[in-house]
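Because only heavy atoms are used, hydrogens play no part in the values below, and waters and symmetry mates are left out as well, while side chains stay in. Proteins get letters first, then strands, A, B, ... in listed order; numbering begins at 1 in each.
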Number of protein chains: 2
Amino acid sequence: MSRVLIIGAGGVGSVVAQKCAASPEVFSEIMLASRTKSKCDAIAALIKDRNIQTAQVDADSVPELVALFNEFKPELVINVALPYQDLTIMDACLETGVNYLDTANYEPKDEAKFEYSWQWAYQDKFKEKGLTAILGCGFDPGVTSIYTAYAAKHHFDEIHYLDIVDCNAGDHGKAFATNFNPEINIREVIQKGRYWENGQWVETEPHEIKQALNYPNIGPKNSYVIYHEELESLVKNFPTLKRARFWMTFGDEYLTHLRVIQNIGMASIEPIMYKGVEIVPLQFLKETLPKPEELADGYTGETSIGCRIKGIKDGKEKTYYVWNNCKHQDAFDDVSSQGVSYTTGVPAMLGAMMFLTGKWKKPGVYNVEEFNPDPFMELIGQYGLPWQEEINGNLEMKY
Amino acid sequence: MSRVLIIGAGGVGSVVAQKCAASPEVFSEIMLASRTKSKCDAIAALIKDRNIQTAQVDADSVPELVALFNEFKPELVINVALPYQDLTIMDACLETGVNYLDTANYEPKDEAKFEYSWQWAYQDKFKEKGLTAILGCGFDPGVTSIYTAYAAKHHFDEIHYLDIVDCNAGDHGKAFATNFNPEINIREVIQKGRYWENGQWVETEPHEIKQALNYPNIGPKNSYVIYHEELESLVKNFPTLKRARFWMTFGDEYLTHLRVIQNIGMASIEPIMYKGVEIVPLQFLKETLPKPEELADGYTGETSIGCRIKGIKDGKEKTYYVWNNCKHQDAFDDVSSQGVSYTTGVPAMLGAMMFLTGKWKKPGVYNVEEFNPDPFMELIGQYGLPWQEEINGNLEMKY
């Protein structure tokens, strides 16, 4: 009997709930909770053949979380709420003896700062309580980190260059929309670029480094070096890396929209007093943009996310490219979701399964690449995200 | 002794207050009132050599307006508040026996509808009370209508084609900003185009008709046919017009920003419930954009607004172009304001002077072209907006 509590009823929460529900042999009891219970109920209604429980909870409030955890008594919490809420949920886990998994690192609400320091500081506390916390188990971070661990384990003696390449060649038919929470997305994308090289971080202007990269089954797409959180843990866990970068594709129209959103002040996270309430422009913008979970129906095209790695095997240079392509339509057919929610939600479910089946259980706070990648890589294809690999191909990267 | 009450303490209100204060022989007592008294006080502090009174008033509230009018007892109200407030101010004028002048026609808050019907409906009421209401006495509407009346009176037997051309070739150094209230500006600019031809209105898609027009001292600028409110009264008052259009210049970047603002939902005037209050996205956007009155310092370049008219004089075809060019820096040197506020505020002051000196006094509700243009045209140059004319030049228009 494994009881799992999912917190967050957005696009990813919906995928996680449905995918967990489809594996009753592992997830015997499921509860879905969020600030708005009606959103949980709508997701529960999608699951025809099983009943899952739903609940209202304010994930900013440790006492509310503690009360819910004590009532439902989950073995594991899957946190797919907002990144602002990672710490309150971790605190509640510690207080009630519940294991923890998330898909995005903690961010303070009032500054766009992406780092694991706050969560890594929980290492000793989780260890002492004998609880496992699995950080960053979506696609990126998540599968990209597991791909890297898998490559390091099976394909290289030393990995030297890592380029994570993230392409969304989908078309949702909207003039502008973000594929996940617009607030989190825009905060992430408009920050300065940063990558790891020769033992230190190199900062760039936003979108300064641009290259057209070829993606399998898609072709060339303009790709930009941005900072992405898994770089921080990967360079720590794979100290042979001479360089680690993260590339994301953006269309010209997307970048124009981002530029204007900043120019008109709507990307600001400084609160403004308006009609007697504090309003953060970027948070308000979320209300006027299309909801990511509403992009699913009719979303065509596919995503392609993978790792391009160069290193040494048996004294020789070797390249390795491992990736997954995911069609938005396939995601919709499986769980009425778009591909970006799907590629995040499926790994979260599988990470939870890894924990509950004892394969990824060790007291403390860990990023996913610190666990054995093999059982995850073995199963992820059958849950909807098959991977492909190419050895000694042209990675298109300058070294 | 002439007592004038100015309502509205934005960029235009500041210009009107300063220009009225500079003519004490006509404006012997001045009060400036707005929702935020501190803004009135800041403007009053700009006027070194005279004291003007200030007051707080909610111009949406007829009882508040009536109380203020009864206390200050103005002869004339100059309304440079929001166009939403025209009717409440006119109601208060009728109740207290005060004459009225404004610079923009009434608009309902909840739909972007630009027409004089609501204000023209006050015709009999003002007539019965022996009160004058002067509508649209800024630059456009305002000076453009007076230019047309002047041309019709002195240069033509019949005017057939009118093209009002409005160019702002200024550079305020901001990525995006509007030159007057952004809410009013954006509502106006994103609507469908409309012009008068052969006795009926022709509708176009927004910015569908585009032509590079040459502006004096500026050169060619992309100009777009948009609907502008003075067209409605001009085609009524000059029934010989076969076609009447309004052109405005927009830079590509400005149009890109407008397109994105619409795409992301921030041009919407549908209220959203957010944090327990009703928020209209376009009104909130006003909070994040630069304030028009803050664009003044360092604003370079100039505006050029005029009328290009073709018609018949003594049985022969004739063309006539009359225009004003206004440098933003000159406006700043005169009243610490940018050119767009200046070109609106100076004509409002002069229209008020026309009324108070008995030249434009007739009971009822009138657009400015229904008064004698000559005394206005004689004086407008010395107050800062000199005009130039060209007879039988190339108007660049297709006929």
Side-chain angles (χ1 to χ4, degrees), chain A residues 35-36 38 58 60 109 171-179 181-183 185-187 189-190 205-206 250-292 294-295, chain B residues 35-36 38 58 60 109 171-179 181-183 185-187 189-190 205-206 250-292 294-295:
Chain A
R35 190 184 301 270
T36 312
S38 60
D58 175 0
D60 287 324
K109 254 186 196 167
D171 179 6
H172 47 52
K174 310 270 181 192
F176 181 76
T178 58
N179 292 292
N181 186 316
E183 183 187 349
N185 179 238
I186 292 172
R187 276 164 71 113
V189 169
I190 66 179
E205 289 307 302
F250 301 117
D252 290 347
E253 264 294 273
Y254 181 88
L255 292 178
T256 295
H257 279 70
L258 274 188
R259 181 169 62 83
V260 171
I261 286 168
Q262 294 174 81
N263 283 345
I264 64 176
M266 288 303 297
S268 168
I269 58 176
E270 289 291 319
I272 288 174
M273 278 303 293
Y274 184 69
K275 290 193 168 185
V277 295
E278 270 204 349
I279 294 182
V280 172
L282 182 54
Q283 285 174 9
F284 180 72
L285 181 62
K286 194 176 146 185
E287 304 296 312
T288 69
L289 288 176
K291 307 244 166 303
E294 289 167 7
L295 298 178
Chain B
R35 190 183 302 270
T36 313
S38 60
D58 175 0
D60 288 325
K109 255 186 195 164
D171 179 6
H172 47 54
K174 312 268 181 194
F176 181 76
T178 58
N179 291 291
N181 186 316
E183 182 188 350
N185 179 237
I186 292 172
R187 277 163 70 113
V189 170
I190 66 180
E205 288 308 302
F250 301 117
D252 290 347
E253 265 294 272
Y254 181 87
L255 292 177
T256 295
H257 279 70
L258 274 188
R259 181 170 63 82
V260 171
I261 286 168
Q262 294 174 82
N263 283 345
I264 64 176
M266 288 303 296
S268 168
I269 57 175
E270 289 291 320
I272 289 174
M273 277 305 292
Y274 184 69
K275 290 193 167 185
V277 295
E278 271 204 348
I279 295 183
V280 173
L282 182 55
Q283 286 174 8
F284 180 73
L285 181 63
K286 194 177 146 183
E287 305 296 312
T288 69
L289 288 176
K291 306 243 167 302
E294 289 167 6
L295 298 178

Legend entry - Heavy-atom side-chain contact between A:Phe284 and B:Lys275 under 4.5 Å: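 The answer is no; the side chains never approach within 4.5 Å.
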Inset, instruction - Specify which of B:Pro290, B:Gly265, B:Gly276 makes the most heavy-atom pairs with chain A at under 4.5 Å. - result: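 If we count pairs closer than 4.5 Å to chain A, B:Gly265 comes out on top.
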Legend entry - A:Leu289 portion near chain B, given a 4.5 angstrom heavy-atom threshold: both
Mind listing the side-chain donor-acceptor pairs of residues 254-262 of chain B below 3.5 Å, one per line with the distance, residues two or more places apart or on another chain?
from	atom 1	to	atom 2	distance (Å)
B:Tyr254	OH	B:Asn185	OD1	2.7
B:Thr256	OG1	B:Asp252	O	3.0
B:His257	ND1	B:Glu253	O	2.8
B:His257	NE2	A:Asn263	ND2	2.8
B:Arg259	NH1	A:Glu253	OE1	2.6
B:Arg259	NH2	A:Glu253	OE2	3.0
B:Gln262	NE2	B:Leu258	O	3.3

Inset, instruction - Any chance you could measure B:Ile264, atom CD1, to A:Lys174, atom NZ, to the nearest 0.5 Å? - result: 15.0 Å
Inset, instruction - Taking all non-hydrogen atoms of both residues into account, name the closest pair between A:Leu285 and B:Met266 and its distance. - result: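 The answer is CD1-CG, 4.1 Å.
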